[in-house]
Chemist: 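I am attaching a structure below and will ask some questions about it afterwards.
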Amino acid sequence: MSGDWALTLGLFIGGIVGLMMIGVPVAIAFLIVNMVAAFVIMRGFDGVMQVVDNATDLLTSYILAPVPLFLLMGALFFHTGLAHRMFTALDQLLGRLPGRLSFLTVIGGTGFSTLTGSSLANAAMLGSLLVPEMQKRGYKPHMSLGPILGTGGLAILIPPSALIVLLGSVAQVDVGKLLLAGVLPGLVLAVLYAAVIGLQVLLDPSAAPAYEPRRASAAEKLRIVAVNILPMLAIIVVVVGMIVGGLATPTESAAFGVAAVIALAVLYRSMSVAAAMKSLTSTVVVSGSLFFILVGSAVFSQLLAFSGASAGFLSWATSLSSDRYLLLLFMFLVLLVLGMFMDQVSMMLIAVPVLFPLAVSLGFDPVWFGIVFLMAMEMSLTTPPFGLLLFIVKGMAPAGTKLGQVVSAAFPFLVADAVLVLLLVLFPALALWLPGQM
Amino acid sequence: MRPLRWLWRGYDALVTAAWWGAILCAAAMLVLILADVSLRILGFRPPAATIGLVEYSLLYLAMLSAPRLVREGQHIVVETVIGALSGWPRLILEKTIYAAAAATCAVLGFAAWILTAEKIESGTLDLRGIDLPSWLLPAPIALGCALCAIEFLRFLLTRRSFYTARGTETIL
């Protein structure tokens, strides 16, 4: 019997991964495996009806509502030009500093990620704005591409993050707590990235030559902060503060975040019908495709439990070692390997039903484990061979840049990610303190 | 030929209407939640239906947008293997994928139609702040999957490729 659960689990995960790898749309890959398994395991065609029933239950869940709202907030931020305005403001605030454009990437990227919640959008925005400028200023590829690769991934961790909401709803962990748990690790990671850049400039000053930017007077800087930075900070306070203060649920604060971005765009006279339509369209494209995958994966965890695969895996994994940190390392490596071959949503839907029960049975806090899980997802975005950010950044890199150069530029930032995971293991309060204030 | 043309136009209008329905759902969710919280802050009693309507909007957003996303090749896909193929091997793999996807959507859509019919016949209500007929839950899955099946069939029967149909920019 001991091999039965392994075979079932192998067929489930192998089937989905195999279909995905040959190019079947992710949602359809989940649907094929789940419908066949439901037909076999759950009384024939009644099992397929169960897929429909579960899909309606899963999708008509209020905790999923922040997903389209956070995406809309980020889309509005882009399409109304607020992102560009904030970036220009930050640029004017930094003085003559070696590697200033690399530092600007980290500061701007951290700000963008709090407002967009989208890693790929974050990287695309930073890359299109900064790579040409860094190239012009004589920055070496690792100094221009590395910070974009690192900071691009921050949006997964720093709220508002659509993926955090998805993780919370799939893993049945409090979404509000999970959103807040990402704040401090996200900020620590930004500091670690800045330290990596500082070290790189120190070791090789010619990699990011200093130059004399346009000087701004103190009064001008004050005006820039008041007009272009503080209002954006106010939006972050609206979104995160309302959750921390218990004034609103994540869904409500997400809606107010959208309203705040619209109000700001109206104030700056950059709101237009075209920008609103573009934002709504991209929101529906992204959330529609995400939710369709959820429809496909609706009975996945139920089938794993029903077939005994979850219980079998749980008892097998816990029998491997009594050291829970060794098992945590094992889970982290599994996530990294999965993330090398598939997108973040698929990875989440496959791994959560298997790994979350194991983590909880080992005594790990589910909110804390959620953040470690997100870190694995963030690292996998920049891990070869299929890290999506690698390809996005390669697409924006100067002509002739090889994928190997992009990968080596990402490496120091992956080390910084690993340092943060270590800090999270040593000091769980880094993730759990802020949610504890709710 | 004329009836066929009208049939095609009607079908196309249905897919487009479903897409606009999905956009309307996204906008409605925002308005509903903002109105609910604003009323509460102002000391009024917010309508009990908000949460239920937002929950329905999520399901309708997913299923009404799905056919257009298939048509434009916007569903998430890993193109590593298929992208490396060309000529006949790629064509055969693509056509196999379209056939499997169309069949899968058709079976799921059929199951959803059966559930919808059963719920219409039983006349049961879904109680969640607002009492709505329970057939409204499987109905969008039936419609969305049926249209997705047709869209995949179109890829199967024509020279268009799902993998090169991408038109709209995504931000995730």
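Lettering follows sequence order; numbering is per chain, from 1.
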Chemist: What is the distance from atom CG of B/L69 to atom CZ of A/F292, rounded to the nearest 0.5 Å?
Modeler: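 B/L69 atom CG to A/F292 atom CZ measures 9.0 Å (nearest 0.5 Å).
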
Chemist: Does any part of the side chain of B/H75, heavy atoms only, come nearer than 4.5 Å to the side chain of A/S289, both counted from C-beta?
Modeler: yes

Chemist: Once rounded to the nearest 0.5 Å, what's the spacing between atom OG of B/S65 and atom CG of A/L290?
Modeler: 10.0 Å

Chemist: Between B/W19 and A/V285, is there a side-chain heavy-atom distance shorter than 4.5 Å?
Modeler: yes

Chemist: By a 4.5 Å heavy-atom criterion (distance strictly below it), what part of A/I293 contacts chain B: side chain, backbone, both, or neither?
Modeler: side chain

Chemist: Please look at B/A101 and chain A and tell me whether the side chain, the backbone, both or neither of the residue comes under 4.5 angstrom of a heavy atom of that chain.
Modeler: both

Chemist: What option among A/T249, A/V48, A/I28 has the most heavy-atom pairs under 4.5 Å with chain B?
Modeler: A/I28

Chemist: With chain B, which of A/L59, A/D53, A/V51 has the greatest number of heavy-atom pairs at distances under 4.5 Å?
Modeler: A/L59

Chemist: Can you measure from CD (B/E55) to OG1 (A/T56) and round to the nearest 0.5 angstrom?
Modeler: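 The CD atom of B/E55 sits 11.5 Å away from the OG1 atom of A/T56.
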
Chemist: Step by step, would you call B/V77 with A/V26 a side chain to side chain contact (heavy atoms under 4.5 Å, CB included)?
Modeler: CA-CA 6 Å; B/V77 69; A/V26 172; 5.7 Å; no

Chemist: Would one find more than 12 heavy atoms of other residues, nucleotides or ligands at under 6.0 Å from atom CH2 of B/W88?
Modeler: no

Chemist: Just checking B/Y11: does its OH atom have more than 12 heavy atoms from other residues, nucleotides or ligands closer to it than 6.0 angstrom?
Modeler: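 More than 12 within 6.0 Å, yes.
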
Chemist: With a 4.5 angstrom heavy-atom cut-off, could you sort out which part of B/C25 is near chain A: side chain, backbone, both or neither?
Modeler: neither

Chemist: For B/L93, check side-chain contact (heavy atoms from CB on, under 4.5 Å) against everything at least two apart and list the hits.
Modeler: A/I22, B/I82, B/L85, B/I97

Chemist: Does the side chain of A/P68 reach to within under 4.5 Å of the side chain of B/L58, using non-hydrogen atoms?
Modeler: yes

Chemist: Quick one: which residues of residues 60-67 of chain A reach chain B at under 4.5 angstrom, heavy atoms only?
Modeler: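 At a heavy-atom separation under 4.5 Å, chain B is reached by A/T60, A/S61, A/Y62, A/L64, A/A65.
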
Chemist: Need one label for B/I141: side chain, backbone, both or neither, based on atoms under 4.5 Å from any heavy atom in chain A.
Modeler: side chain

Chemist: Checking B/Y98 against chain A: side chain, backbone, both or neither under 4.5 Å from a heavy atom?
Modeler: neither

Chemist: Name the region of B/W20, side chain, backbone, both or neither, that has any atom closer than 4.5 Å to a heavy atom of chain A.
Modeler: side chain

Chemist: Verify the neighbour count for atom NZ of B/K119: are there more than 12 heavy atoms of other residues, nucleotides or ligands below 6.0 Å?
Modeler: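 It does: B/K119 NZ has more than 12 such atoms within range.
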
Chemist: Quick check on the interface: out of B/A103, B/A62, B/C145, who has the most heavy-atom pairs with chain A under 4.5 Å?
Modeler: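 So the answer, after comparing B/A103, B/A62, B/C145, is B/A62.
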
Chemist: Measure distances from A/P25 to the heavy atoms of chain B and classify the residue's part below 4.5 Å as side chain, backbone, both or neither.
Modeler: both

Chemist: Apply side-chain contact (heavy atoms from CB on, under 4.5 Å) to A/A255 and list each qualifying residue two or more places apart in sequence or on a separate chain.
Modeler: A/L69, B/L30, B/I33, B/L34

Chemist: Tell me, please, which residues at least two apart from B/P140 pass side-chain contact (heavy atoms from CB on, under 4.5 Å).
Modeler: B/L59, B/Y60, B/M63

Chemist: Looking at B/F110, I want to see if its CZ is surrounded by more than 12 non-hydrogen atoms of other residues, nucleotides or ligands under 6.0 Å.
Modeler: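 Check fails, neighbour count at 12 or below.
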
Chemist: Under 4.5 Å heavy-atom distance to chain B, tell me which part of A/M49 shows up: side chain, backbone, both or neither.
Modeler: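 The answer is both parts of A/M49.
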
